[in-house]
Number of protein chains: 2
Amino acid sequence: MSKAADLAYERIRQKIITGAYGAGAHLKEEQVAEDAGVSRTPVREALRRLDAEHLVKFVPNRGAYVASWSTHDIEEIFVLRAMFEGHAAYRAASRITSAAIAELELCADEIDAQTPGQSERQRLNILAANQRFHGIVLDAAHSERLTKALAWLVEIPIILRTFERYSEKDIVRSNQHHREMIDAFRARDARWAQNVMDTHLRAAFRRYVVHGTENQN
Amino acid sequence: MSKAADLAYERIRQKIITGAYGAGAHLKEEQVAEDAGVSRTPVREALRRLDAEHLVKFVPNRGAYVASWSTHDIEEIFVLRAMFEGHAAYRAASRITSAAIAELELCADEIDAQTPGQSERQRLNILAANQRFHGIVLDAAHSERLTKALAWLVEIPIILRTFERYSEKDIVRSNQHHREMIDAFRARDARWAQNVMDTHLRAAFRRYVVHGTENQN
DNA sequence: ACGATACTTTTTGTATACGAGCGGACGGCA
DNA sequence: TGCCGTCCGCTCGTATACAAAAAGTATCGT
(Lines give C-alpha, C1' and ligand atoms only; values in the text may rest on other atoms or scores of the structure.)
Protein backbone atom coordinates (compact mmCIF):
# COMPACT_ATOMS: atom_id res chain seq x y z
CA MET A 1 0.00 0.00 0.00
CA SER A 2 0.93 3.59 0.23
CA LYS A 3 4.13 4.59 1.90
CA ALA A 4 3.41 7.25 4.49
CA ALA A 5 0.07 5.79 5.57
CA ASP A 6 1.63 2.39 6.14
CA LEU A 7 4.46 3.92 8.07
CA ALA A 8 2.04 5.79 10.30
CA TYR A 9 -0.03 2.64 10.71
CA GLU A 10 2.95 0.58 11.83
CA ARG A 11 4.23 3.24 14.18
CA ILE A 12 0.92 3.72 15.91
CA ARG A 13 0.33 0.00 16.11
CA GLN A 14 3.72 -0.58 17.65
CA LYS A 15 3.21 2.18 20.18
CA ILE A 16 -0.12 0.70 21.17
CA ILE A 17 1.26 -2.83 21.46
CA THR A 18 4.33 -1.82 23.41
CA GLY A 19 2.20 0.34 25.63
CA ALA A 20 3.76 3.66 24.63
CA TYR A 21 0.22 4.78 23.95
CA GLY A 22 -1.67 3.49 26.99
CA ALA A 23 -5.25 2.26 27.03
CA GLY A 24 -7.74 5.07 26.69
CA ALA A 25 -5.15 7.58 25.54
CA HIS A 26 -6.35 10.31 23.23
CA LEU A 27 -4.46 10.04 19.95
CA LYS A 28 -4.27 13.58 18.64
CA GLU A 29 -3.74 13.55 14.92
CA GLU A 30 -1.21 16.34 14.83
CA GLN A 31 0.90 14.87 17.58
CA VAL A 32 0.83 11.39 16.05
CA ALA A 33 1.68 12.90 12.67
CA GLU A 34 4.74 14.54 14.17
CA ASP A 35 5.76 11.28 15.85
CA ALA A 36 5.65 9.46 12.54
CA GLY A 37 7.10 12.32 10.53
CA VAL A 38 4.19 12.54 8.11
CA SER A 39 1.20 14.81 7.65
CA ARG A 40 -2.23 14.39 9.20
CA THR A 41 -3.82 12.86 6.09
CA PRO A 42 -2.06 9.49 6.17
CA VAL A 43 -2.41 9.48 9.94
CA ARG A 44 -6.16 9.69 9.60
CA GLU A 45 -6.07 6.79 7.19
CA ALA A 46 -3.98 4.74 9.59
CA LEU A 47 -6.35 5.52 12.45
CA ARG A 48 -9.29 4.45 10.32
CA ARG A 49 -7.65 1.12 9.68
CA LEU A 50 -6.87 0.66 13.34
CA ASP A 51 -10.47 1.51 14.09
CA ALA A 52 -11.60 -1.24 11.74
CA GLU A 53 -9.32 -3.61 13.64
CA HIS A 54 -10.80 -2.39 16.91
CA LEU A 55 -7.45 -1.20 18.20
CA VAL A 56 -8.71 2.35 18.51
CA LYS A 57 -12.15 3.81 18.98
CA PHE A 58 -13.44 6.87 17.15
CA VAL A 59 -15.57 9.44 18.90
CA PRO A 60 -17.33 11.71 16.40
CA ASN A 61 -15.87 15.14 16.83
CA ARG A 62 -13.14 14.25 19.22
CA GLY A 63 -10.85 11.86 17.41
CA ALA A 64 -9.37 8.49 18.23
CA TYR A 65 -8.80 6.85 21.58
CA VAL A 66 -6.85 3.65 22.04
CA ALA A 67 -9.27 0.89 22.88
CA SER A 68 -9.58 -0.57 26.34
CA TRP A 69 -11.23 -3.81 27.32
CA SER A 70 -13.15 -4.92 30.36
CA THR A 71 -12.82 -8.47 31.66
CA HIS A 72 -16.22 -9.07 30.12
CA ASP A 73 -14.97 -7.91 26.74
CA ILE A 74 -11.98 -10.17 27.04
CA GLU A 75 -14.11 -13.18 27.77
CA GLU A 76 -16.16 -12.35 24.72
CA ILE A 77 -12.99 -12.13 22.65
CA PHE A 78 -11.66 -15.44 23.90
CA VAL A 79 -14.95 -17.20 23.26
CA LEU A 80 -15.08 -15.87 19.74
CA ARG A 81 -11.49 -16.86 19.20
CA ALA A 82 -12.19 -20.36 20.48
CA MET A 83 -15.06 -20.66 18.07
CA PHE A 84 -13.13 -19.26 15.12
CA GLU A 85 -9.89 -21.06 15.67
CA GLY A 86 -11.74 -24.23 16.55
CA HIS A 87 -13.41 -24.02 13.18
CA ALA A 88 -10.03 -23.31 11.56
CA ALA A 89 -8.57 -26.41 13.23
CA TYR A 90 -11.55 -28.42 12.01
CA ARG A 91 -10.97 -27.36 8.43
CA ALA A 92 -7.21 -27.69 8.75
CA ALA A 93 -7.44 -31.34 9.79
CA SER A 94 -8.48 -32.43 6.32
CA ARG A 95 -6.29 -29.99 4.43
CA ILE A 96 -3.00 -29.64 6.26
CA THR A 97 0.15 -30.94 4.55
CA SER A 98 2.73 -33.07 6.29
CA ALA A 99 5.22 -30.25 5.73
CA ALA A 100 2.99 -27.92 7.73
CA ILE A 101 2.64 -30.54 10.45
CA ALA A 102 6.42 -30.75 10.61
CA GLU A 103 6.52 -26.98 11.07
CA LEU A 104 3.99 -27.23 13.87
CA GLU A 105 6.24 -29.76 15.52
CA LEU A 106 9.19 -27.37 15.26
CA CYS A 107 7.14 -24.71 17.01
CA ALA A 108 6.25 -27.08 19.82
CA ASP A 109 9.90 -28.14 20.12
CA GLU A 110 10.97 -24.51 20.29
CA ILE A 111 8.50 -23.83 23.06
CA ASP A 112 9.69 -26.83 25.03
CA ALA A 113 13.29 -25.79 24.54
CA GLN A 114 12.62 -22.27 25.81
CA THR A 115 10.36 -23.25 28.67
CA PRO A 116 12.72 -23.88 31.58
CA GLY A 117 13.51 -20.49 32.99
CA GLN A 118 11.70 -17.18 32.82
CA SER A 119 13.97 -14.71 31.02
CA GLU A 120 12.35 -12.01 28.94
CA ARG A 121 14.15 -13.29 25.87
CA GLN A 122 12.68 -16.77 26.38
CA ARG A 123 9.18 -15.44 26.91
CA LEU A 124 9.39 -13.57 23.63
CA ASN A 125 10.64 -16.66 21.83
CA ILE A 126 7.78 -18.68 23.23
CA LEU A 127 5.30 -16.00 22.28
CA ALA A 128 6.67 -15.94 18.72
CA ALA A 129 6.60 -19.73 18.40
CA ASN A 130 3.05 -19.78 19.72
CA GLN A 131 1.97 -17.17 17.18
CA ARG A 132 3.64 -19.19 14.43
CA PHE A 133 1.81 -22.32 15.55
CA HIS A 134 -1.59 -20.66 15.39
CA GLY A 135 -0.71 -18.96 12.13
CA ILE A 136 0.13 -22.27 10.49
CA VAL A 137 -3.15 -23.82 11.59
CA LEU A 138 -5.03 -20.82 10.27
CA ASP A 139 -3.26 -20.95 6.93
CA ALA A 140 -3.95 -24.67 6.66
CA ALA A 141 -7.66 -23.95 7.00
CA HIS A 142 -7.46 -22.28 3.58
CA SER A 143 -10.12 -19.76 4.37
CA GLU A 144 -8.93 -16.28 3.57
CA ARG A 145 -11.97 -14.67 5.06
CA LEU A 146 -11.61 -16.59 8.28
CA THR A 147 -8.00 -15.49 8.53
CA LYS A 148 -8.88 -11.85 8.05
CA ALA A 149 -11.83 -11.93 10.39
CA LEU A 150 -9.65 -13.49 13.03
CA ALA A 151 -6.65 -11.20 12.76
CA TRP A 152 -7.83 -8.60 15.22
CA LEU A 153 -9.03 -11.16 17.73
CA VAL A 154 -5.64 -12.82 17.83
CA GLU A 155 -3.77 -9.64 18.46
CA ILE A 156 -5.65 -8.36 21.43
CA PRO A 157 -4.27 -10.92 23.89
CA ILE A 158 -0.80 -9.87 22.75
CA ILE A 159 -1.57 -6.25 23.44
CA LEU A 160 -2.90 -7.17 26.84
CA ARG A 161 0.31 -9.11 27.44
CA THR A 162 -1.64 -12.07 28.69
CA PHE A 163 1.45 -14.20 28.15
CA GLU A 164 3.25 -12.29 30.87
CA ARG A 165 0.88 -13.86 33.34
CA TYR A 166 1.62 -17.44 32.42
CA SER A 167 3.64 -19.61 34.72
CA GLU A 168 6.01 -22.31 33.58
CA LYS A 169 3.36 -24.89 34.37
CA ASP A 170 0.81 -23.03 32.27
CA ILE A 171 3.17 -23.03 29.32
CA VAL A 172 3.84 -26.75 29.66
CA ARG A 173 0.13 -27.49 29.65
CA SER A 174 -0.39 -25.16 26.71
CA ASN A 175 2.26 -26.94 24.71
CA GLN A 176 0.74 -30.30 25.58
CA HIS A 177 -2.35 -29.01 23.83
CA HIS A 178 -0.21 -28.15 20.83
CA ARG A 179 1.20 -31.67 20.76
CA GLU A 180 -2.24 -33.18 20.99
CA MET A 181 -3.45 -31.00 18.17
CA ILE A 182 -0.61 -32.27 16.02
CA ASP A 183 -1.71 -35.81 16.81
CA ALA A 184 -5.24 -34.93 15.82
CA PHE A 185 -4.00 -33.49 12.52
CA ARG A 186 -1.95 -36.60 11.83
CA ALA A 187 -5.07 -38.69 12.47
CA ARG A 188 -7.06 -36.30 10.23
CA ASP A 189 -9.61 -36.19 13.01
CA ALA A 190 -11.31 -32.83 12.54
CA ARG A 191 -13.51 -32.91 15.62
CA TRP A 192 -10.60 -33.91 17.79
CA ALA A 193 -8.51 -31.00 16.48
CA GLN A 194 -11.42 -28.63 16.94
CA ASN A 195 -12.04 -29.68 20.50
CA VAL A 196 -8.39 -29.48 21.45
CA MET A 197 -8.19 -25.96 20.04
CA ASP A 198 -11.30 -24.96 21.91
CA THR A 199 -9.93 -26.41 25.14
CA HIS A 200 -6.61 -24.74 24.51
CA LEU A 201 -8.10 -21.28 24.24
CA ARG A 202 -10.58 -21.65 27.05
CA ALA A 203 -7.76 -22.73 29.30
CA ALA A 204 -5.76 -19.71 28.20
CA PHE A 205 -8.61 -17.41 29.12
CA ARG A 206 -9.00 -19.09 32.47
CA ARG A 207 -5.33 -18.63 33.27
CA TYR A 208 -5.64 -15.00 32.28
CA VAL A 209 -8.55 -14.42 34.60
CA VAL A 210 -7.04 -16.27 37.57
CA HIS A 211 -3.65 -14.64 37.39
CA GLY A 212 -5.28 -11.36 36.62
CA THR A 213 -7.43 -11.23 39.72
CA GLU A 214 -4.44 -12.30 41.78
CA ASN A 215 -2.06 -9.65 40.51
CA GLN A 216 -4.23 -6.81 39.38
CA ASN A 217 -7.37 -5.42 40.80
CA MET B 1 -19.68 10.36 12.65
CA SER B 2 -18.77 13.17 10.41
CA LYS B 3 -21.29 14.50 7.99
CA ALA B 4 -19.75 14.44 4.53
CA ALA B 5 -17.88 11.19 5.07
CA ASP B 6 -21.03 9.45 6.26
CA LEU B 7 -22.98 10.79 3.37
CA ALA B 8 -20.40 9.51 0.92
CA TYR B 9 -20.34 6.18 2.74
CA GLU B 10 -24.09 5.73 2.51
CA ARG B 11 -24.25 6.79 -1.11
CA ILE B 12 -21.53 4.42 -2.23
CA ARG B 13 -22.97 1.60 -0.17
CA GLN B 14 -26.40 2.10 -1.66
CA LYS B 15 -25.03 2.19 -5.18
CA ILE B 16 -23.16 -1.03 -4.58
CA ILE B 17 -26.17 -2.77 -3.04
CA THR B 18 -28.60 -1.65 -5.70
CA GLY B 19 -26.11 -2.59 -8.37
CA ALA B 20 -25.55 0.93 -9.69
CA TYR B 21 -21.87 0.22 -9.18
CA GLY B 22 -21.50 -3.29 -10.60
CA ALA B 23 -19.09 -5.94 -9.35
CA GLY B 24 -15.50 -5.19 -10.24
CA ALA B 25 -16.23 -1.58 -11.17
CA HIS B 26 -13.43 0.90 -10.64
CA LEU B 27 -14.56 3.51 -8.16
CA LYS B 28 -12.67 6.64 -9.12
CA GLU B 29 -12.45 8.98 -6.19
CA GLU B 30 -13.11 12.11 -8.15
CA GLN B 31 -16.16 10.71 -9.89
CA VAL B 32 -17.58 9.30 -6.66
CA ALA B 33 -16.92 12.60 -4.95
CA GLU B 34 -18.92 14.39 -7.62
CA ASP B 35 -21.76 11.85 -7.29
CA ALA B 36 -21.99 12.50 -3.57
CA GLY B 37 -21.36 16.23 -3.83
CA VAL B 38 -18.35 16.23 -1.50
CA SER B 39 -14.60 16.39 -1.94
CA ARG B 40 -12.21 13.50 -2.35
CA THR B 41 -11.09 13.45 1.28
CA PRO B 42 -14.32 12.12 2.84
CA VAL B 43 -14.72 9.81 -0.13
CA ARG B 44 -11.37 8.23 0.64
CA GLU B 45 -12.50 7.75 4.22
CA ALA B 46 -15.73 6.13 3.11
CA LEU B 47 -13.88 3.81 0.76
CA ARG B 48 -11.55 2.82 3.56
CA ARG B 49 -14.51 1.84 5.70
CA LEU B 50 -16.06 -0.12 2.87
CA ASP B 51 -12.72 -1.84 2.38
CA ALA B 52 -12.75 -2.86 6.03
CA GLU B 53 -16.22 -4.31 5.46
CA HIS B 54 -14.94 -6.12 2.38
CA LEU B 55 -17.38 -4.36 0.11
CA VAL B 56 -14.58 -2.88 -1.96
CA LYS B 57 -11.03 -3.95 -2.60
CA PHE B 58 -8.07 -1.59 -2.67
CA VAL B 59 -5.31 -1.99 -5.23
CA PRO B 60 -2.19 -0.06 -4.23
CA ASN B 61 -1.76 2.71 -6.72
CA ARG B 62 -5.00 2.28 -8.56
CA GLY B 63 -7.77 2.84 -6.09
CA ALA B 64 -10.87 0.95 -5.09
CA TYR B 65 -12.80 -1.69 -6.97
CA VAL B 66 -16.15 -3.06 -5.85
CA ALA B 67 -15.65 -6.58 -4.57
CA SER B 68 -16.78 -9.65 -6.44
CA TRP B 69 -17.26 -13.14 -5.11
CA SER B 70 -16.79 -16.58 -6.56
CA THR B 71 -19.13 -19.43 -5.66
CA HIS B 72 -16.35 -20.73 -3.47
CA ASP B 73 -16.18 -17.39 -1.63
CA ILE B 74 -19.89 -17.46 -1.13
CA GLU B 75 -19.82 -20.92 0.37
CA GLU B 76 -17.12 -19.72 2.74
CA ILE B 77 -19.27 -16.77 3.68
CA PHE B 78 -22.34 -18.88 4.35
CA VAL B 79 -20.39 -21.36 6.45
CA LEU B 80 -18.93 -18.55 8.55
CA ARG B 81 -22.35 -17.02 8.88
CA ALA B 82 -23.82 -20.32 9.99
CA MET B 83 -21.14 -20.60 12.65
CA PHE B 84 -21.48 -17.03 13.82
CA GLU B 85 -25.22 -16.78 13.82
CA GLY B 86 -25.51 -20.24 15.27
CA HIS B 87 -23.40 -19.04 18.14
CA ALA B 88 -25.53 -15.91 18.39
CA ALA B 89 -28.67 -18.05 18.57
CA TYR B 90 -27.04 -20.17 21.25
CA ARG B 91 -26.31 -17.13 23.37
CA ALA B 92 -29.66 -15.57 22.62
CA ALA B 93 -31.57 -18.59 23.94
CA SER B 94 -30.64 -17.81 27.53
CA ARG B 95 -30.84 -14.04 27.21
CA ILE B 96 -33.74 -13.15 24.94
CA THR B 97 -36.71 -11.36 26.46
CA SER B 98 -40.30 -12.32 25.82
CA ALA B 99 -40.80 -8.93 24.20
CA ALA B 100 -38.10 -9.79 21.69
CA ILE B 101 -39.66 -13.17 21.09
CA ALA B 102 -42.95 -11.44 20.38
CA GLU B 103 -41.16 -9.29 17.81
CA LEU B 104 -39.69 -12.37 16.20
CA GLU B 105 -43.17 -13.74 15.92
CA LEU B 106 -44.34 -10.55 14.22
CA CYS B 107 -41.55 -10.94 11.66
CA ALA B 108 -42.57 -14.52 10.97
CA ASP B 109 -46.22 -13.46 10.64
CA GLU B 110 -45.25 -10.72 8.23
CA ILE B 111 -43.33 -13.17 6.08
CA ASP B 112 -46.26 -15.58 6.00
CA ALA B 113 -48.62 -12.76 5.12
CA GLN B 114 -46.45 -11.62 2.22
CA THR B 115 -45.60 -15.06 0.91
CA PRO B 116 -48.41 -15.93 -1.50
CA GLY B 117 -47.55 -14.18 -4.73
CA GLN B 118 -44.29 -12.93 -6.16
CA SER B 119 -44.58 -9.18 -6.52
CA GLU B 120 -41.43 -7.11 -6.10
CA ARG B 121 -43.07 -5.24 -3.25
CA GLN B 122 -43.75 -8.47 -1.38
CA ARG B 123 -40.22 -9.75 -1.93
CA LEU B 124 -38.81 -6.57 -0.42
CA ASN B 125 -41.14 -6.83 2.55
CA ILE B 126 -40.08 -10.41 3.14
CA LEU B 127 -36.44 -9.45 2.83
CA ALA B 128 -36.91 -6.66 5.36
CA ALA B 129 -38.76 -8.89 7.81
CA ASN B 130 -36.09 -11.54 7.45
CA GLN B 131 -33.37 -9.01 8.18
CA ARG B 132 -35.29 -7.83 11.21
CA PHE B 133 -35.60 -11.38 12.46
CA HIS B 134 -31.89 -12.03 12.26
CA GLY B 135 -31.13 -8.63 13.72
CA ILE B 136 -33.27 -9.32 16.77
CA VAL B 137 -31.54 -12.64 17.39
CA LEU B 138 -28.16 -10.97 17.07
CA ASP B 139 -29.11 -8.22 19.48
CA ALA B 140 -30.42 -10.76 21.95
CA ALA B 141 -27.02 -12.45 21.95
CA HIS B 142 -25.70 -9.34 23.70
CA SER B 143 -22.30 -9.58 22.11
CA GLU B 144 -21.32 -6.30 20.55
CA ARG B 145 -18.21 -7.72 18.99
CA LEU B 146 -20.09 -10.59 17.47
CA THR B 147 -22.56 -8.17 15.96
CA LYS B 148 -19.84 -6.05 14.42
CA ALA B 149 -17.85 -8.99 13.17
CA LEU B 150 -20.96 -10.36 11.54
CA ALA B 151 -22.22 -7.20 9.89
CA TRP B 152 -20.32 -7.58 6.65
CA LEU B 153 -21.13 -11.27 6.34
CA VAL B 154 -24.83 -10.62 6.60
CA GLU B 155 -24.88 -7.99 3.93
CA ILE B 156 -23.17 -9.85 1.18
CA PRO B 157 -26.11 -12.16 0.40
CA ILE B 158 -28.25 -9.06 0.11
CA ILE B 159 -25.86 -7.52 -2.36
CA LEU B 160 -25.84 -10.71 -4.34
CA ARG B 161 -29.63 -10.66 -4.31
CA THR B 162 -29.76 -14.27 -3.24
CA PHE B 163 -33.33 -13.71 -2.18
CA GLU B 164 -34.36 -13.13 -5.77
CA ARG B 165 -33.65 -16.77 -6.40
CA TYR B 166 -35.95 -18.13 -3.76
CA SER B 167 -39.18 -19.79 -4.75
CA GLU B 168 -42.39 -19.59 -2.72
CA LYS B 169 -41.68 -23.06 -1.38
CA ASP B 170 -38.19 -21.99 -0.27
CA ILE B 171 -39.62 -19.07 1.63
CA VAL B 172 -42.19 -21.26 3.35
CA ARG B 173 -39.47 -23.65 4.48
CA SER B 174 -37.29 -20.75 5.59
CA ASN B 175 -40.06 -19.34 7.71
CA GLN B 176 -40.72 -22.75 9.24
CA HIS B 177 -37.14 -22.54 10.47
CA HIS B 178 -37.94 -19.15 11.95
CA ARG B 179 -40.93 -20.59 13.79
CA GLU B 180 -38.90 -23.47 15.09
CA MET B 181 -36.24 -21.09 16.33
CA ILE B 182 -38.88 -19.18 18.24
CA ASP B 183 -39.96 -22.45 19.85
CA ALA B 184 -36.36 -23.15 20.79
CA PHE B 185 -36.05 -19.72 22.37
CA ARG B 186 -39.27 -20.21 24.32
CA ALA B 187 -37.86 -23.51 25.58
CA ARG B 188 -34.56 -21.76 26.38
CA ASP B 189 -32.88 -24.60 24.56
CA ALA B 190 -29.62 -23.13 23.33
CA ARG B 191 -28.41 -26.10 21.34
CA TRP B 192 -31.73 -26.44 19.62
CA ALA B 193 -31.71 -22.78 18.62
CA GLN B 194 -28.13 -23.07 17.43
CA ASN B 195 -28.83 -26.11 15.29
CA VAL B 196 -31.93 -24.63 13.75
CA MET B 197 -30.00 -21.49 12.83
CA ASP B 198 -27.22 -23.58 11.34
CA THR B 199 -29.71 -25.61 9.35
CA HIS B 200 -31.50 -22.46 8.26
CA LEU B 201 -28.38 -20.92 6.77
CA ARG B 202 -27.02 -24.07 5.20
CA ALA B 203 -30.37 -24.58 3.50
CA ALA B 204 -30.24 -20.98 2.29
CA PHE B 205 -26.83 -21.55 0.75
CA ARG B 206 -27.99 -24.73 -0.89
CA ARG B 207 -30.95 -22.98 -2.44
CA TYR B 208 -28.63 -20.27 -3.70
CA VAL B 209 -26.32 -22.76 -5.36
CA VAL B 210 -29.08 -24.84 -6.91
CA HIS B 211 -31.07 -21.97 -8.34
CA GLY B 212 -27.85 -20.28 -9.35
CA THR B 213 -26.55 -23.08 -11.51
CA GLU B 214 -30.00 -23.44 -13.02
CA ASN B 215 -30.48 -19.82 -13.95
CA GLN B 216 -27.03 -18.53 -14.59
CA ASN B 217 -24.41 -19.44 -17.21
C1' DA C 1 -18.95 33.05 46.08
C1' DC C 2 -21.24 30.53 42.64
C1' DG C 3 -23.17 29.90 38.18
C1' DA C 4 -23.91 31.11 33.52
C1' DT C 5 -22.42 32.93 29.28
C1' DA C 6 -19.44 34.55 25.81
C1' DC C 7 -14.87 34.25 24.08
C1' DT C 8 -10.52 31.92 23.16
C1' DT C 9 -8.02 27.84 22.23
C1' DT C 10 -7.52 23.35 20.66
C1' DT C 11 -8.64 19.65 17.68
C1' DT C 12 -11.17 17.53 14.27
C1' DG C 13 -13.37 17.64 9.55
C1' DT C 14 -13.21 19.17 4.65
C1' DA C 15 -11.40 21.18 0.57
C1' DT C 16 -7.83 21.98 -2.63
C1' DA C 17 -3.31 21.94 -4.61
C1' DC C 18 0.73 19.56 -5.73
C1' DG C 19 3.73 15.43 -6.55
C1' DA C 20 4.40 10.40 -7.72
C1' DG C 21 3.43 6.06 -9.86
C1' DC C 22 1.27 3.25 -13.25
C1' DG C 23 -0.73 2.10 -17.68
C1' DG C 24 -1.45 2.96 -22.34
C1' DA C 25 -0.24 5.09 -26.68
C1' DC C 26 2.82 6.56 -29.91
C1' DG C 27 6.99 6.36 -32.42
C1' DG C 28 11.49 4.52 -33.51
C1' DC C 29 14.23 0.59 -34.64
C1' DA C 30 15.33 -4.11 -36.03
C1' DT D 1 5.67 -5.89 -39.63
C1' DG D 2 6.60 -6.76 -35.00
C1' DC D 3 8.85 -5.41 -30.79
C1' DC D 4 10.79 -2.37 -27.46
C1' DG D 5 11.51 2.08 -25.26
C1' DT D 6 9.95 6.52 -24.15
C1' DC D 7 6.53 9.88 -23.23
C1' DC D 8 2.04 11.49 -21.87
C1' DG D 9 -2.11 11.40 -19.27
C1' DC D 10 -4.87 9.66 -15.67
C1' DT D 11 -5.52 8.63 -11.01
C1' DC D 12 -4.00 7.97 -6.63
C1' DG D 13 -1.15 9.56 -2.49
C1' DT D 14 0.31 13.39 0.50
C1' DA D 15 0.64 17.93 2.19
C1' DT D 16 -1.30 22.14 3.51
C1' DA D 17 -4.77 25.54 4.22
C1' DC D 18 -9.22 26.62 5.84
C1' DA D 19 -13.80 25.90 8.28
C1' DA D 20 -16.49 23.97 12.00
C1' DA D 21 -17.13 22.03 16.37
C1' DA D 22 -16.01 21.20 21.06
C1' DA D 23 -13.48 21.99 25.32
C1' DG D 24 -11.52 25.14 28.38
C1' DT D 25 -11.34 29.83 30.48
C1' DA D 26 -12.25 34.18 31.99
C1' DT D 27 -15.52 37.58 33.00
C1' DC D 28 -19.81 39.31 34.33
C1' DG D 29 -24.03 39.16 36.85
C1' DT D 30 -26.62 37.65 40.59
Side-chain angles (χ1 to χ4, degrees), chain A residues 1-17 19-68 148 151-152, chain B residues 1-17 19-68 148 151-152:
Chain A
M1 242 179 214
S2 58
K3 210 172 134 192
D6 271 351
L7 196 141
Y9 173 80
E10 288 299 338
R11 289 266 185 121
I12 300 169
R13 180 197 202 74
Q14 279 310 313
K15 293 214 174 190
I16 291 174
I17 290 174
Y21 293 147
H26 187 186
L27 298 179
K28 295 168 195 170
E29 295 177 355
E30 207 169 359
Q31 169 206 319
V32 172
E34 216 170 349
D35 280 9
V38 297
S39 99
R40 276 180 55 210
T41 313
V43 168
R44 280 181 73 84
E45 248 187 56
L47 289 174
R48 285 315 240 236
R49 266 201 270 170
L50 291 164
D51 178 51
E53 294 171 16
H54 301 87
L55 284 184
V56 307
K57 213 169 82 78
F58 259 87
V59 180
N61 274 305
R62 295 218 223 147
Y65 295 81
V66 352
S68 58
K148 286 197 177 174
W152 64 279
Chain B
M1 233 166 227
S2 56
K3 209 173 135 193
D6 271 353
L7 196 141
Y9 174 81
E10 287 299 339
R11 289 268 185 118
I12 300 170
R13 182 197 202 74
Q14 279 311 313
K15 294 214 174 191
I16 292 174
I17 291 174
Y21 293 147
H26 187 185
L27 298 179
K28 295 169 195 173
E29 295 177 356
E30 206 169 1
Q31 167 206 321
V32 172
E34 216 170 351
D35 280 9
V38 298
S39 99
R40 276 179 55 209
T41 311
V43 167
R44 280 182 71 84
E45 251 189 53
L47 289 174
R48 282 307 224 231
R49 265 200 271 170
L50 292 164
D51 178 51
E53 294 170 16
H54 302 84
L55 283 184
V56 306
K57 212 168 83 78
F58 260 81
V59 179
N61 273 307
R62 294 215 229 154
Y65 295 81
V66 354
S68 58
K148 286 196 177 172
W152 64 279

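Numbers restart at 1 for each chain; the letters A, B, ... are given by sequence-line order, proteins then strands. It should be emphasised that the depicted structure is a prediction, and the values quoted were computed from it without experimental measurement.
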Mind calculating the distance between [atom1] ([X]) and [atom2] ([N]) to the nearest angstrom?
X	N	atom1	atom2	answer
B:Arg48	C:dG13	CZ	P	17 Å
A:Glu30	C:dT9	CD	C1'	13 Å
B:Glu45	C:dA15	CD	P	11 Å
A:Lys28	D:dG24	NZ	C1'	12 Å
B:Glu29	C:dT14	CD	P	15 Å
B:Leu7	C:dA15	CG	C1'	15 Å
A:Gln31	C:dT11	CD	C1'	12 Å

- Item | Salt bridge A:Asp51-B:Arg49, side-chain N to carboxylate O under 4.0 Å |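 Looking at B:Arg49 together with A:Asp51, the answer is no, because their closest N to O distance does not fall below 4.0 Å.
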
- Query: Which residue pairs pass the ring-ring contact (aromatic ring centres under 6.0 Å, His included) test with at least one member in residues 31-50 of chain A, sequence neighbours excluded?
  - Reply: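 Qualifying pairs: none.
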
- Query: Does A:Arg44 have a side-chain nitrogen or oxygen under 4.0 Å from the phosphate oxygens OP1 or OP2 of C:dG13?
  - Reply: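 Yes.
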
- Message: Less than 4.0 angstrom between a side-chain N/O of B:His26 and OP1 or OP2 of D:dT11, yes or no?
- Response: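 Checking D:dT11 against B:His26, no side-chain N or O comes under 4.0 Å of OP1 or OP2.
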
- Who pairs with B:Tyr9 by side-chain hydrogen bond (donor to acceptor under 3.5 Å, both in side chains), at least two apart in sequence or on another chain?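 Once residues adjacent in sequence are excluded, the partners of B:Tyr9 under the side-chain hydrogen bond (donor to acceptor under 3.5 Å, both in side chains) criterion are B:Arg13, B:Glu53.
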
- Query: Looking at residues at least two apart in the chain, or sitting in another chain, which of them share a salt bridge (Lys or Arg N to Asp or Glu O under 4.0 Å) with A:Lys28?
  - Reply: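 Result, salt bridge (Lys or Arg N to Asp or Glu O under 4.0 Å) vs A:Lys28: none returned.
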
- Could you list the residues that satisfy salt bridge (Lys or Arg N to Asp or Glu O under 4.0 Å) with A:Lys148, not counting sequence neighbours?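 Listed in chain order: A:Glu144.
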
- Sugar-phosphate only, base, or nothing, as touched by A:Leu27 at under 4.0 Å among non-hydrogen atoms: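 The answer is sugar-phosphate, as A:Leu27 gets under 4.0 Å only of primed atoms, P, OP1 or OP2.
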
- With sequence neighbours excluded, what pairs up with A:Thr41 under the side-chain contact (heavy atoms from CB on, under 4.5 Å) test?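 Here the qualifying residues are A:Ser39.
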
Please list each protein N or O that sits under 3.5 Å from an N or O in nucleotides 15-22 of chain D, with the distance.
| from | atom 1 | to | atom 2 | distance (Å) |
| --- | --- | --- | --- | --- |
| D:dA15 | OP2 | A:Ser39 | N | 2.8 |
| D:dA15 | OP2 | A:Ser39 | OG | 3.1 |
| D:dA15 | N7 | A:Thr41 | OG1 | 2.9 |
| D:dT16 | O4 | A:Thr41 | OG1 | 3.3 |

